[in-house]
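Below: the structure, in structure tokens.
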Amino acid sequence: MTNLKSLFTGTVAVGALVASMTAAQADTWRYAFEEALDEVQGVFAQKFKEEIEANSDHEVQLFPYGTLGESADIMEQAQAGILQFVNQSPGFTGALIPEAQVFFVPYLLPQNQEQLNEFFRTSVAINEMFPDLYAEQGLELLTMYPEGEVVITTKEPFTTPEDLNDVRVRVMTNPLLVESYRAFGATPTPLPWGEVYGGLQTNIIQGQENPMFFVESTKMYEVTDHITFTGHNNFTTALMANSDFFDGLSEEDQTLVNDAVDVAFNHILEYQEGLTESALEAILEAKPSMTVTRLTDEQRTPFQESAERVEAAFIEMTGERGQEILEQMKADLEAVAD
Ligand code: 6CS
């Protein structure tokens with residue numbers, strides 16, 4: 001009897017062990033990004049979280065901008081494995097992965113939204129070449145996505161590179177963006193995001209660039225008076241996972257993550273339809289004196305001409321690998337152009 005009982009208990013124990021080994025483990029994944037919950041990166045993150053939690057027992061904890069520090073801090077935490085996911089823009093990653101600065105060659109990305117979206121979906125450079133470069137830094141590149149046309153907001157109006165002479169324009173912290181604003185005639189000032197509002201308020205800087213939704217949500221219009229559409233860029237950002245974490249996931253969980261990224265990617269493109277226009281409306285309602293200037297093709301020409309110099313600087317900084325990326329990007333863009 002005793003033997004039978006212990007045999008039975010043993011069987012139950014082994015059964016429970018096997019069940020716990022085969023049942024997916026419920027984990028908590030930490031995900032940090034560079035914006036607020038209701039800004040583009042936050043909307044993307046919320047969709048990702050929703051998908052993961054609807055399709056698994058895992059939980060995703062979201063850490064918006066500021067809760068864990070600046071963009072550079074969350075990247076360090078992701079590389080160290082404290083965070084499982086990090087959304088960081090090439091504007092900052094460019095300091096770590098020089099080739100990521102290719103997104104700051106002016107007038108490279110198309111202004112046509114459909115073409116741009118198709119480029120992000122199909123680009124060989126993004127989907128096949130960049131992942132290896134990110135992997136060298138311990139990062140699994142999950143996706144890159146656009147956040148909207150970049151506009152420049154300044155304290156004084158400008159239409160020519162000469163007008164930008166001696167204007168200190170804040171840029172994200174990568175050397176190519178510095179080069180690009182130098183080529184625009186300005187005095188580029190790389191700063192982390194947290195120093196921008198105060199810098200403009202105290203006149204340490206007199207301008208900055210960002211997509212319209214961010215100009216509105218972060219109230220850049222309170223500390224600058226003029227918005228200029230130069231057409232020189234569209235803001236690109238990227239979602240990454242810590243490589244060791246991602247490689248250690250079961251195949252099922254890797255698929256879960258990739259599927260959630262796909263859903264969030266499509267969601268964020270849809271979410272941004274009309275966002276530039278509605279943000280501009282909100283700005284003008286809050287500050288009717290704000291001026292909005294769209295440079296004409298003729299006025300854009302000298303800015304466009306600076307692209308050559310910036311491309312040369314990019315190749316100088318990144319060598320053969322950079323050149324290959326740039327050429328592939330151009331081929332990818334050609335493929336989506338009509
Ligand atoms: O300019 C910046 O630093 C910020 N801009 C955007 C649109 N997102 C995050 C980034 O920190």
Side-chain angles (χ1 to χ4, degrees), residues 31-46 62-78 83 85-96 100-101 103-104 106 109 116 120 143-154 168-178 180-181 186 188-201 204-224 227-230 232-240 264 268-269 271-272 275-276 278-280 282-283:
Y31 177 140
F33 47 101
E34 303 169 316
E35 295 173 7
L37 261 182
D38 59 356
E39 292 171 339
V40 172
Q41 289 182 22
V43 172
F44 185 104
Q46 289 193 68
L62 298 181
F63 295 93
Y65 171 75
T67 54
L68 298 175
E70 283 287 352
S71 185
D73 300 312
I74 57 175
M75 174 53 89
E76 273 181 27
Q77 291 155 19
L83 294 171
F85 296 95
V86 64
N87 192 135
Q88 192 192 55
S89 306
F92 295 107
T93 320
L96 190 70
Q101 297 176 111
F103 292 99
F104 300 97
L109 296 182
L116 187 75
F120 277 94
T143 190
M144 286 187 172
Y145 60 93
E147 290 198 52
E149 177 172 352
V150 170
V151 295
I152 304 177
T153 76
T154 47
R168 285 189 296 273
V169 181
R170 177 270 175 173
V171 293
M172 289 179 284
T173 51
N174 78 74
L176 199 75
L177 198 45
V178 167
S180 144
Y181 269 82
T189 310
L191 287 173
W193 173 248
E195 290 175 39
V196 180
Y197 191 97
L200 286 164
Q201 215 172 16
I204 287 168
I205 47 173
Q206 294 91 34
Q208 62 88 38
E209 63 155 37
N210 255 310
M212 196 66 81
F213 84 87
F214 207 64
V215 173
E216 196 272 323
S217 60
T218 62
K219 301 197 183 323
M220 283 293 102
Y221 57 84
E222 290 179 349
V223 281
T224 48
I227 295 174
T228 308
F229 285 79
T230 47
H232 72 285
N233 210 356
N234 196 292
F235 195 96
T236 297
T237 196
L239 177 66
M240 293 143 266
I268 209 61
L269 295 190
Y271 170 80
Q272 290 183 77
L275 191 58
T276 294
S278 59
L280 181 55
I283 291 171

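Residue numbers run from 1 in the order of the sequence given. Counting convention: from 1, in listed order, for ligands and their atoms alike.
- Judged by distance alone, with hydrogens and angles left aside, the side-chain atoms of Glu34 form no donor-acceptor pair with the main-chain N or O of Gln41 at under 3.5 Å.
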Under 3.5 Å donor-acceptor pairs involving side-chain atoms of residues 214-221, not counting sequence neighbours:
unit_1: Ser217; atom_1: OG; unit_2: Glu39; atom_2: OE2; d: 2.6
unit_1: Ser217; atom_1: OG; unit_2: Phe213; atom_2: O; d: 3.0
unit_1: Thr218; atom_1: OG1; unit_2: Phe214; atom_2: O; d: 2.5

Kindly determine whether Gln206 and Thr154 satisfy side-chain hydrogen bond (donor to acceptor under 3.5 Å, both in side chains), including the steps that lead there.
CA-CA 6 Å; Gln206 294 91 34; Thr154 47; over 6 Å; no

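- In this structure, CG on Leu116 lies 4.5 Å from CG on Asn234, to the nearest 0.5 angstrom.
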Measure and list all N/O to N/O distances between ligand 1 and the protein that fall under 3.5 angstrom.
unit_1: ligand 1; atom_1: 1 (O); unit_2: Arg170; atom_2: NH1; d: 2.7
unit_1: ligand 1; atom_1: 1 (O); unit_2: Asn210; atom_2: OD1; d: 3.3
unit_1: ligand 1; atom_1: 1 (O); unit_2: Asn210; atom_2: ND2; d: 3.0
unit_1: ligand 1; atom_1: 3 (O); unit_2: Arg170; atom_2: NH1; d: 3.3
unit_1: ligand 1; atom_1: 3 (O); unit_2: Arg170; atom_2: NH2; d: 2.9
unit_1: ligand 1; atom_1: 5 (N); unit_2: Asn210; atom_2: OD1; d: 2.9
unit_1: ligand 1; atom_1: 8 (N); unit_2: Glu35; atom_2: OE2; d: 2.7

Take Phe92 and Glu70 through the test side-chain contact (heavy atoms from CB on, under 4.5 Å) and record every step on the way to the result.
CA-CA 10 Å; Phe92 295 107; Glu70 283 287 352; 5.8 Å; no

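- In this structure a side-chain-to-backbone donor-acceptor pair under 3.5 Å is missing from Asn87 to Leu239.
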